[in-house]
Undergrad: 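First, the structure itself, so that you have it in front of you.
Chain letters run A, B, ... following the sequence lines, proteins first, then strands; residues in each count from 1.
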Amino acid sequence: MFDRSFFARTAVEVAPELLGAHLVSGEVVLRITEVEAYLGVGEDPGSHSFRGRTNRNQVMFGEPGHLYTYFTYGMHVCANVVCSPAGTSGGILLRAGEIVAGRDIASARRHTSRTSADLARGPARLTVALGITLADGGTDLSSGPLRLELATEASGFESGPRTGVSGDGGGADYPWRFWIPGDPTVSPYKAHAPKKRA
DNA sequence: TATGCGATTGCCT
DNA sequence: GGCAATCGCATAG
């Protein structure tokens, strides 16, 4: 259980404080090590909610502290925590984490993974390891088998440009990616992906 | 109704 | 290091 008002702030404000929190999914527990903030309508060209409410992103316009999932590249599921002050929308993409409990289960789900550091390194890998599917979208993360347990104390963090988001005005220039320094589970790739798309 | 592309990953060379 | 896989969503016509 957590205070829902924690998430009633902008995603950029909440994101660094989410580092170190635990995402519990049944037997599996993930310690969040890397996240990305996405803002709301008209604020963030890289956000799914930039162009307003649609069937896909409607969860982001709902209650803060709920889970927003989406399907992409025809094969991957990514998870976000809805984070929005009243009347706005936004979310925090969970990019990577460390499996701290239920490693056997997570490993079995990943199937191809070997080391613990690889189990949840990357947004799509993370959802697989935790067994999160599109059907989990909209789940209230304050309690239940799939829930979020906030960190008791703030951990140190670093910030930088987001990955995978197209450049030139696409929002990639803002330091809205946050991670725990030196953690082996932080995504190493695409430090500056040269996506040629306008 | 038709078309292009994506908040990625894993396998190829 | 480079590229294919794969399909729902958003935009254009």
Side-chain angles (χ1 to χ4, degrees), chain A residues 7 10-12 14-16 18-19 23 30 32-61 66-84 88-97 99 106-138 159-179 184-198:
Chain A
F7 292 101
T10 66
V12 173
V14 177
L18 205 54
L19 293 173
L23 182 59
L30 178 90
I32 300 171
T33 59
E34 182 184 1
V35 298
E36 272 179 18
Y38 286 87
L39 300 187
V41 181
E43 301 174 301
D44 179 4
S47 174
H48 284 174
S49 66
F50 179 64
R51 299 171 209 293
R53 181 172 180 153
T54 66
N55 184 61
R56 172 172 64 159
N57 65 27
Q58 57 175 318
V59 173
M60 277 204 284
F61 290 79
H66 284 219
L67 183 71
Y68 166 55
T69 55
Y70 68 89
F71 187 67
T72 190
Y73 286 95
M75 58 183 90
H76 297 305
V77 176
C78 296
N80 303 245
V81 178
V82 176
C83 183
S84 53
T88 70
S89 66
I92 299 174
L93 171 68
L94 305 180
R95 289 199 60 85
I99 300 295
S107 187
R109 288 191 180 122
R110 289 280 287 118
H111 185 246
T112 58
S113 174
R114 298 163 184 77
T115 70
S116 61
D118 276 333
L119 285 176
R121 183 177 65 184
R125 292 171 169 183
L126 184 152
T127 60
V128 172
L130 290 177
I132 293 175
T133 68
L134 289 178
D136 293 310
S159 62
R162 291 181 305 199
T163 66
V165 180
S166 56
D168 20 282
D173 299 331
Y174 298 91
W176 290 340
R177 173 175 171 238
F178 304 88
W179 66 91
T185 61
V186 172
S187 319
Y189 41 81
K190 290 192 175 176
H192 11 253
K195 281 222 161 176
K196 296 199 162 141
R197 188 66 214 125

Undergrad: Quick one: are A:Phe178 and A:Val12 in side-chain contact, heavy atoms under 4.5 Å?
TA: yes
Undergrad: Are A:His76 and A:Phe71 an aromatic pair by the rule of ring centers under 6.0 Å?
TA: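 Aromatic pair excluded; centres sit 6.0 Å or further apart.
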Undergrad: Find the distance A:Phe178:CZ to B:dA7:C1' and express it as a whole number of Å.
TA: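 It is 15 Å, rounded to the nearest whole Å.
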Undergrad: Taking only the side-chain nitrogens and oxygens of A:Arg125, find out if one of them lies under 4.0 Å from OP1 or OP2 of B:dG10.
TA: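 Answer yes for this pair, as a side-chain N or O of A:Arg125 is under 4.0 Å from OP1 or OP2.
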Undergrad: What is the distance from NE2 of A:His111 to C1' of B:dT9, rounded to the nearest Å?
TA: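 Atom NE2 in A:His111 sits about 15 Å away from atom C1' in B:dT9.
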Undergrad: According to a strict under-4.0 Å criterion, is A:Thr54 in side-chain N/O contact with OP1 or OP2 of C:dA10?
TA: yes
Undergrad: Please determine, for the side chain of A:Asn57, which listed nucleotide (B:dA7, C:dA10, B:dT8) has the closest atom?
TA: C:dA10
Undergrad: Side chain of A:Arg162, backbone of A:Ala37: donor and acceptor closer than 3.5 Å?
TA: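 Flag set: sc A:Arg162 to bb A:Ala37 pair under 3.5 Å.
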Undergrad: Roughly how many Å is it from CG in A:Asn55 to P in C:dA10, rounded to a whole number?
TA: 8 Å
Undergrad: Just so I know, are the side chains of A:Asn80 and A:Thr69 near enough to count as touching, which here means a heavy-atom distance under 4.5 Å?
TA: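 No, side chains not in contact.
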Undergrad: Send over the distance from A:Arg162 CZ to B:dT8 C1', rounded to a whole Å.
TA: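 So the CZ-C1' distance, A:Arg162 to B:dT8, works out to 16 Å.
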Undergrad: Grab the CG-P distance between A:Asn80 and B:dT8 for me, whole Å please.
TA: 11 Å
Undergrad: Mark yes or no for whether A:His66, through its side chain, and A:Val82, through its backbone, hold a donor-acceptor pair below 3.5 Å.
TA: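 Checked: no pair found.
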Undergrad: Taking the side chain from A:Arg121 and the backbone from A:Ala96, do they hold a donor-acceptor pair closer than 3.5 Å?
TA: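 Here the side-chain-to-backbone pair does not exist.
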Undergrad: Expressed as a whole number of angstroms, how long is the span from A:Phe50:CZ to B:dG6:C1'?
TA: 16 Å
Undergrad: When you get a sec, tell me which of B:dG6, B:dA7, C:dC7 is the closest nucleotide to the side chain of A:Phe71?
TA: C:dC7
Undergrad: If only atom types and distance count, is the side chain of A:Ser89 paired as donor or acceptor with the main-chain N or O of A:Ser49 below 3.5 Å?
TA: no
Undergrad: When both hydrogen-bonding distances must be under 3.5 Å and the geometry is Watson-Crick or G-U wobble, what is C:dG1 paired with, if anything?
TA: B:dC12
Undergrad: Report each atom pair, protein N/O against N/O of nucleotides 3-5 of chain C, whose distance is under 3.5 angstrom.
TA:
none

Undergrad: Specify the separation, in whole Å, of atom CZ of A:Arg53 and atom P of C:dC9.
TA: 15 Å
Undergrad: Check A:Thr185, A:Ile32, A:Val35, A:Val186 against A:Trp179 for a side chain to side chain contact (heavy atoms under 4.5 Å, CB included) and give me the one that passes.
TA: A:Val186
Undergrad: Using the C1' atom as the reference point in each nucleotide, state the distance between C:dC3 and B:dC5 in Å, no decimals.
TA: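 So the two C1' atoms sit 16 Å from each other.
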Undergrad: Is there a Watson-Crick or G-U wobble partner for C:dT6 with both distances under 3.5 Å, and if so, which one is it?
TA: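 With both distances under 3.5 Å required, C:dT6 matches none.
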Undergrad: Looking at A:Arg110, I'd like to know whether one of its side-chain N or O atoms comes within less than 4.0 Å of OP1 or OP2 on B:dG10.
TA: yes
Undergrad: Is the phosphate of B:dT8 approached by A:Arg95 (side-chain N or O, under 4.0 Å from OP1 or OP2)?
TA: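 Answer yes for this pair, as a side-chain N or O of A:Arg95 is under 4.0 Å from OP1 or OP2.
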Undergrad: Does B:dA7 have OP1 or OP2 sitting under 4.0 Å from an N or O in the side chain of A:His48?
TA: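 Checking B:dA7 against A:His48, a side-chain N or O does come within under 4.0 Å of OP1 or OP2.
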Undergrad: Rounded to whole Å, how long is the line connecting atom OH of A:Tyr38 with atom P of B:dG6?
TA: 13 Å
